[in-house]
Amino acid sequence: MQSFVFDDAIRFRLATQQEDTGAKVQVFFGVFLGVILRWIIVDVIRDQVPFNFSVVIARIVVALIATIFVFSGYWQKVKDQPAGMRFLNALAYGVSIDALVGPWTY
């Protein structure tokens, strides 16, 4: 009878693990980039909002907070999609999240 080998158990866990860290990073940055892009396109270019260092830092902090809060729920919806579609959906989701969160920052 063979004894339990811890290293084999770890290799089995890594081989059968369903969570893909690269895909999570892709979705996180897609949502974050969507939030930042919408802010740049709508608020900075179209509305000519004053552009100074404190506003940039505040918007990046707001974008990170919004991305962190919506990421876990959104990841469950897109984890089974192909990589390209997953990133584009995350980007569009980031734009829509900033449309909801953006007015609170003024």
So do [Y] and [X] actually touch side chain to side chain, heavy atoms under 4.5 Å?
X     : Y     : value
Gln81 : Val78 : yes
Tyr74 : Val31 : yes
Val35 : Trp39 : no

Quick one: do [X] and [Y] end up in the same hydrophobic cluster if we chain Ile, Leu, Val, Met, Phe, Trp and Tyr together by side-chain heavy atoms under 4.5 Å apart?
X     : Y     : result
Leu64 : Val70 : yes
Ile57 : Ile36 : no
Ile68 : Val61 : no

Requested in this report: Specify the closest pair of heavy atoms between Val27 and Ala90, including all atoms of both residues, with the distance to one decimal.
Outcome: O-CB, 3.6 Å
Requested in this report: Of all the heavy-atom pairs spanning Ile97 and Ala66, show the shortest one and how long it is.
Outcome: CG2-CB, 4.1 Å
Working to the nearest 0.5 Å, report the span between [atom1] of [X] and [atom2] of [Y].
X     : Y      : atom1 : atom2 : answer
Ile41 : Leu37  : CD1   : CG    : 5.5 Å
Arg38 : Leu100 : CZ    : CG    : 9.0 Å
Thr67 : Leu33  : OG1   : CG    : 10.0 Å
Met85 : Asp80  : CE    : CG    : 14.0 Å

Requested in this report: Classify the angle between the aromatic ring planes of Phe28 and Phe32 as parallel (below 30°), tilted (30 to 60°) or perpendicular (above 60°).
Outcome: parallel
